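All values derive from a computational prediction rather than experimental measurement.
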Amino acid sequence: KTESPQSQIAQLASQISASEEDALRRQLAQCWNVMAGAKFAEELVVEVRVTVSPNRVVQEATILDQARYNLDSHFRAAADSALRALRNPKCTPLELPPEKYEQWKTTVIRFDPRAML
């Protein structure tokens with residue numbers, strides 16, 4: 001059974017504590033550049049499905065909204081920036097609790113300018 005992106009996002013919140021989620025958000029915010037002054041920047045919410053190794057390094061990252069990625073150049077730029085953030089040496093390894101690896105090894109990370117800026 002395939003789960004909706006929304007339930008996968010909810011899963012990450014249920015898999016790690018609020019403080020662990022905040023630490024990850026703060027870490028990734030340092031590496032994610034939403035174009036300052038971009039039109040409707042607050043609407044450039046990017047959801048990325050990630051597969052992470054036990055050492056907390058992203059192995060695979062996929063933008064969930066491929067249709068919007070292909071049609072909207074502003075969204076594509078924000079999405080590409082989110083992918084770069086996940087691979088940025090400053091943001092690797094991810095600040096996730098190693099003891100909860102089985103819970104977050106494949107999850108969805110939401111890049112939301114309103115929550116990260």
Side-chain angles (χ1 to χ4, degrees):
K1 175 184 169 236
T2 314
E3 296 182 32
S4 72
Q6 286 76 21
S7 69
Q8 290 175 337
I9 293 162
Q11 279 181 3
L12 182 61
S14 67
Q15 292 161 352
I16 64 175
S17 72
S19 62
E20 291 163 344
E21 188 178 12
D22 286 345
L24 179 62
R25 185 177 298 116
R26 277 193 308 275
Q27 177 189 25
L28 292 173
Q30 297 174 45
C31 300
W32 187 44
N33 299 312
V34 180
M35 301 75 56
K39 191 174 180 184
F40 306 115
E42 69 278 0
E43 295 174 15
L44 297 175
V45 177
V46 179
E47 296 169 344
V48 183
R49 179 180 294 115
V50 294
T51 303
V52 185
S53 67
N55 64 353
R56 300 174 291 145
V57 173
V58 173
Q59 298 300 300
E60 190 177 328
T62 307
I63 303 300
L64 292 183
D65 192 344
Q66 285 295 313
R68 186 173 180 197
Y69 183 86
N70 291 325
L71 294 172
D72 180 341
S73 62
H74 295 288
F75 180 80
R76 183 169 43 254
D80 289 344
S81 180
L83 294 176
R84 285 191 300 276
L86 289 165
R87 292 188 165 82
N88 186 319
K90 210 165 66 171
C91 286
T92 300
L94 295 178
E95 290 186 23
L96 289 166
E99 68 280 3
K100 296 181 180 178
Y101 173 68
E102 287 302 317
Q103 296 167 309
W104 52 252
K105 66 182 176 183
T106 300
T107 195
V108 173
I109 296 177
R110 180 181 177 101
F111 288 80
D112 183 341
R114 292 164 294 202
M116 293 181 134
L117 298 178

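Taking the side chain as every heavy atom from C-beta outward, Cys31 and Arg84 never approach each other to under 4.5 Å. Counting heavy atoms from C-beta outward, Leu44 and Arg68 have side chains that approach closer than 4.5 Å. Inter-residue side-chain proximity for Phe111 and Leu86 is flagged as met; some heavy-atom pair is nearer than 4.5 Å. No side-chain heavy atom of Val48 sits under 4.5 Å from any side-chain heavy atom of Val58. At a threshold of 4.5 Å between non-hydrogen side-chain atoms, the residues Arg110 and Val45 count as touching. At a threshold of 4.5 Å between non-hydrogen side-chain atoms, the residues Trp32 and Arg25 do not count as touching.
In the displayed structure, Glu60 atom CD is contacted under 6.0 Å by at most 12 heavy atoms of other residues, nucleotides or ligands.
Rounded to the nearest 0.5 Å, atoms CZ (Phe75) and CG (Asp80) are 9.5 Å apart. Rounded to the nearest 0.5 angstrom, Ile109 CD1 and Glu47 CD are separated by 11.5 Å.
Taking both residues in full, the closest heavy atoms of Gln59 and Arg87 are given as O-NH2, 4.1 Å, listed atom of the first, atom of the second, then distance. Nearest heavy atom pair, residue Trp104 against residue Arg56, reads CH2-CG, 3.4 Å. Listed here is the closest heavy atom pair of Val50 and Ala61: CG1-CB, 4.1 Å. Summarising the geometry of Pro93 relative to Asn55, their closest heavy-atom pair is CB-O, 3.4 Å, with the distance given to 0.1 Å.
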